[in-house]
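Everything on this sheet refers to the single structure shown next.
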Amino acid sequence: MKRENIRLVCVMIILLTPSLLNGYYVSQSTWYGGPGVAGPVTMWGNTFSAQSHTSWTVFPGELILDISTISHTINSSMGGCHYAFPADMDGDGDVDVLAQSTDHYDVAWFENDGIGGGWDTHMVSDNYPLPRCAFPGDLDGDGDMDVAGANISASSRGVEWWRNEDGVGGNWTRFYIDDQYGSPLFVCCADINNDDTLEVIAPEGNNLTHIAWWESTTTPPDSVWEEHLVSSNSRTGRELFPVDLDQDGDMDIMSACHWYDGLSWWENTDGLGLTWIEHSIGNEQGVRSVHAADIDGDGDYDVVCATMDEKQVSWFENLNGSGTSWEEHILLSDCEWPRGVHAADVTDDGFVDILVAVWQDNQLFLYKNLDGTGMEWSVHLLKSGWFEDVDVADFNDDGFTDILAAATDGVEVSWHEISGYSSGWLESSILDVGGYPEWDSIAWTAEEPAGTDLFFQIKSSNDWENMGAWCDTIFEPGSLVGYIDSTHRYIQYRVGMTTESRFGTPVLDEVRFYWSSMGIEGSEEGEEFVITAVPNPSAGGVSIVVPSLYAEDVELYVYDLSGKVVRVLTERNGSTFIWDGRDSSGHEAPTGTYIIRGIVEDRSATVRFVKL
C-alpha cells in the first residue's frame, strides 16, 4: 500500500554472520487471525496471544495503532429519529442538535452545555404528527435559527416551518409552507435564487414525483410561500443535498432516488431556480443518502452515496469538474442497508474522509482517506449500534471534528469523539522452535512517520508455562546477545507502538528471529530421530512411529496449520502412538493437513499428516 512522506526506517536486515549462513529464521508478517492463541505453537501463522489498542485488519498483513471512539448520549428517547442536524439553536456560540422523533411526534432541540457533556431538551413541537425531518435555518433573516419540517402524516402531510420567536429557542410559532405536498421524506434549506435569503427544498414521498422549492412572498415570512418545481419526474427523491456542483456561483441540487433507479443532480441553469436540467451520476438501485465534497483533492465536487438495494457505498469521481462525466469507486459492498453517508475531513489531516451509518448491521464506519486521492482507504469500525443518519461538528469545543449520529429503530441521538491511541502493543503466541537453538538476531520491516516509534521486547524459556519477564526494550534490529538466553527453546515477542500525533501510527510489516543449530550430535547408538505416520493420508486414526530408543521420553504434539496445538499424544504401545483424529476436547478434528512434531532431549522431528 502506497504511503507518501513516510520514512522507511527498518528495512529487512539479514546479518550474514557465519552462524546464519547455515542457520534458520522464523517470522510473522500477518496478524489477521486475531488474538487468543497463547501457544505454544510451532509457527506463528496469522494469530497471536493478546493486544491493546492495535489494529491488524485495516491493512492486510500490517499492524498499526487503532482509532479510539468515545461516545456520548445526547438523548435516549428519540425513537424513530431519521435525521439529526448540528446548529447553534440558542445563539450562544456552541453547537446544539436539532432532531425529530416519529415515535413520539416530537421536534426538539438539545442544548449543548458548551463541552458536549450536558444536553437539556427543548421542544419545538411536541404534538406534530409523524415528523420525518426537521432542518435548521434562518428562514426569516433575523439572525437566529428557525426550523423547516417535513411531515408524512396522511392527515396533515406537507412542508412547514417554525419561527424562533425569542431568538434562544424557547418560543416557537408554526406555519405551513405547503399543506398539499405529498408526504415529503426530507427537507432542507439553501439560497436557491441568489437573493441572500434561505429557501426551503423538499422531495415528495410515497411514490410521487416532484422536487420543489419554496420562497416566501411576505416580510417577515409566514404561511404564504410560492412553489417552484425543480422536477416533475424525479422518480421519488429520498434525500436531497443542495450544493454548487458545477461551481458556477448558484445552488444546484443533488437527488438520491430511493424507489427507482438513479442518482442525479439538477443544474440551476438560470441561477434563479426557475429552469433546471437533470444530469445522471449513476444508475444505482435504491439510493438512500447522498453527500458531496472534494474527495480526490482536485478542486471540484465529488459525490458519495449509500445504496440500499445494491447493498453498497460508492463515491463518484467528477472527471471533468462540470458534473457531466463520472467514475464510480466502490467503498463498501455486500452491506445490509447502508442508510447515511457524510464526507468531511474527520481526521483533520486535510483529506476528505467518509462516514457511513449502516442500519441493518448496526455499525458506524470511518473510511479514512489515506493520501487525499480517494484511491486508498483505511476502514475503521467506530461503533456498533442503531444508526440511520450521520453528520459532523465540534461539540466539545476542542478544535477537532466530532460525529453526530441519529437512530430510527434505536432510541438514541449521540455524538462521538474520535482520535488515535497514543500507544498500543501486541504479544505474539509462544513459539516452540523444537530442540535448543542458538539465538542470533532480530530484524523487522516497519514504517515510522515523524512523531511515531516502534520497539520490541522478548521472553524466552525452556518452560513455556514459565516464560519469565520481558527483556529490555529493543529499539533497533540487531543481535539478541544480552537480551535472551541463546539456548532457550521457547520464545515470545511483544511489539510496542507510540505516537505523538492524533492519528499518527507506525506500521509493522514483518518481524524475524534468526538462530543457528547448536550442532549436537546424535546419541551414542547413532540412531537417527525420525517419526513416521501411517496410514497417510487417512480418514480414521493414524499411527505415529518413533525410534524405540526414544519411545519413553518423546513428547508428541499435533498442530493445525495455524500453529495451534490440537492434541498432545501420550498413550503408546511400544514405540507406536495412536492419534484417533480428535482434538483435546474429544471433538472430531476437521479434515485437512496437520503437523505432528516429536521432541526428545535436544532434537525434534516432524511429519505432515493429511486427515481425509
Side-chain angles (χ1 to χ4, degrees), residues 19-26 39-45 429-440 460-466 485-491 513-586 588-612:
S19 64
L20 285 181
L21 290 174
N22 297 301
Y24 309 91
Y25 74 86
V26 64
V41 299
T42 59
M43 62 183 76
W44 274 317
S429 305
I430 298 171
L431 181 73
D432 178 7
V433 297
Y436 299 91
E438 187 173 351
W439 293 108
D440 192 287
S460 67
S461 176
N462 282 326
D463 178 4
W464 65 270
E465 294 181 315
N466 183 18
D485 190 300
S486 63
T487 61
H488 281 166
R489 167 178 167 177
Y490 300 98
I491 193 169
F513 290 86
Y514 292 92
W515 80 91
S516 61
S517 170
M518 293 183 66
I520 299 176
E521 301 294 333
S523 65
E524 294 179 359
E525 292 83 355
E527 185 175 1
E528 184 181 5
F529 179 55
V530 295
I531 62 175
T532 57
V534 291
N536 189 6
S538 171
V542 59
S543 298
I544 298 92
V545 182
V546 303
S548 58
L549 177 66
Y550 305 106
E552 291 187 3
D553 300 320
V554 69
E555 298 174 2
L556 282 177
Y557 300 89
V558 180
Y559 299 87
D560 62 20
L561 288 182
S562 73
K564 177 183 177 182
V565 176
V566 176
R567 184 79 172 269
V568 178
L569 305 180
T570 57
E571 297 184 5
R572 66 182 178 90
N573 182 9
S575 59
T576 301
F577 292 74
I578 301 295
W579 181 40
D580 60 5
R582 297 181 179 275
D583 62 20
S584 58
S585 299
E588 188 71 25
T591 59
T593 301
Y594 293 84
I595 298 172
I596 302 173
R597 177 183 290 271
I599 301 172
V600 61
E601 298 175 355
D602 52 14
R603 65 204 68 199
S604 67
T606 60
V607 62
R608 285 179 177 259
F609 166 69
V610 177
K611 185 175 184 295
L612 300 176

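These numbers come from the heavy atoms of this one structure, side chains and all, not from hydrogens, waters or symmetry mates.
Atom CD1 in Ile544 sits 9.0 Å away from atom OG1 in Thr576 (nearest 0.5 Å). Asp432 CG to Tyr559 OH: the interatomic distance, rounded to the nearest 0.5 Å, is 4.5 Å. If you take OG on Ser543 and CD1 on Ile578, they are separated by 3.0 Å, rounding to the nearest 0.5 Å. In this structure, Ile430 CD1 and Glu465 CD are separated by 9.0 Å, a value rounded to the nearest 0.5 Å. A distance of 7.0 Å separates CD1 in Ile596 from CG in Leu569, rounded to the nearest 0.5 Å. Between the CG atom in Asp485 and the CD1 atom in Ile491 there is a gap of 10.5 Å [rounded to 0.5 Å].
With contacts defined as side-chain heavy-atom distances shorter than 4.5 Å, the pair Val545/Ile531 does not qualify. A 4.5 Å side-chain heavy-atom check between Val542 and Val534 finds every atom pair outside the cut-off. For the pair Arg597/Glu555, no side-chain contact is recorded, criterion being any heavy-atom separation below 4.5 Å from C-beta on. When side chains are defined from C-beta on, Val607 does not count as touching Thr532, because their heavy atoms never get closer than 4.5 Å.
Taking both residues in full, the closest heavy atoms of Gly541 and Pro535 are given as O-CD, 4.1 Å, listed atom of the first, atom of the second, then distance. Taking both residues in full, the closest heavy atoms of Met43 and Ile595 are given as CE-CD1, 3.3 Å, listed atom of the first, atom of the second, then distance. Residues Thr570 and Phe577 share a closest heavy-atom pair of O-CE2, 3.8 Å. The shortest non-hydrogen separation linking Ser548 to Ser575 is CA-CB, 3.9 Å. When all heavy atoms of Val568 and Tyr557 are compared, the pair lying nearest together is CG2-CD2, 3.7 Å. Across all non-hydrogen atoms, the minimal contact from Ala551 to Val546 is CA-CG2, 3.9 Å.
At least one donor-acceptor pair under 3.5 Å links the side chain of Ser461 to the backbone N or O of Asn466. Remark: the backbone N or O of Arg489 is paired with a side-chain donor or acceptor of Asn462 at under 3.5 angstrom. Formation of a donor-acceptor pair under 3.5 Å by the Trp439 side chain with backbone atoms of His488 is found in this model.
Taking the six-membered ring for Trp and thresholds of 30 and 60 degrees, Trp579 and Tyr594 have ring planes more than 60 degrees apart, a perpendicular arrangement.
In this structure Asp583 satisfies the side-chain hydrogen bond (donor to acceptor under 3.5 Å, both in side chains) test with no other residue, sequence neighbours excluded. Applying the salt bridge (Lys or Arg N to Asp or Glu O under 4.0 Å) criterion to Asp580, with sequence neighbours excluded, gives Arg567. Under the side-chain hydrogen bond (donor to acceptor under 3.5 Å, both in side chains) criterion, Glu588 pairs with Lys611, not counting sequence neighbours. By the side-chain hydrogen bond (donor to acceptor under 3.5 Å, both in side chains) test, Ser429 is found to be paired with no residue, residues two or more places apart in sequence or in another chain being considered. Residues meeting the ring-ring contact (aromatic ring centres under 6.0 Å, His included) test with Phe513, sequence neighbours left out: Trp44. By the side-chain hydrogen bond (donor to acceptor under 3.5 Å, both in side chains) test, Tyr490 is found to be paired with no residue, residues two or more places apart in sequence or in another chain being considered.
Heavy atoms of other residues, nucleotides or ligands lying less than 6.0 angstrom from CG of Asn573 number 12 at most.
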Exercise for review: Please test Val26 against Trp515 for side-chain contact (heavy atoms from CB on, under 4.5 Å), starting from the C-alpha separation and ending with a verdict.
Suggested key: CA-CA 9 Å; Val26 64; Trp515 80 91; 3.8 Å; yes

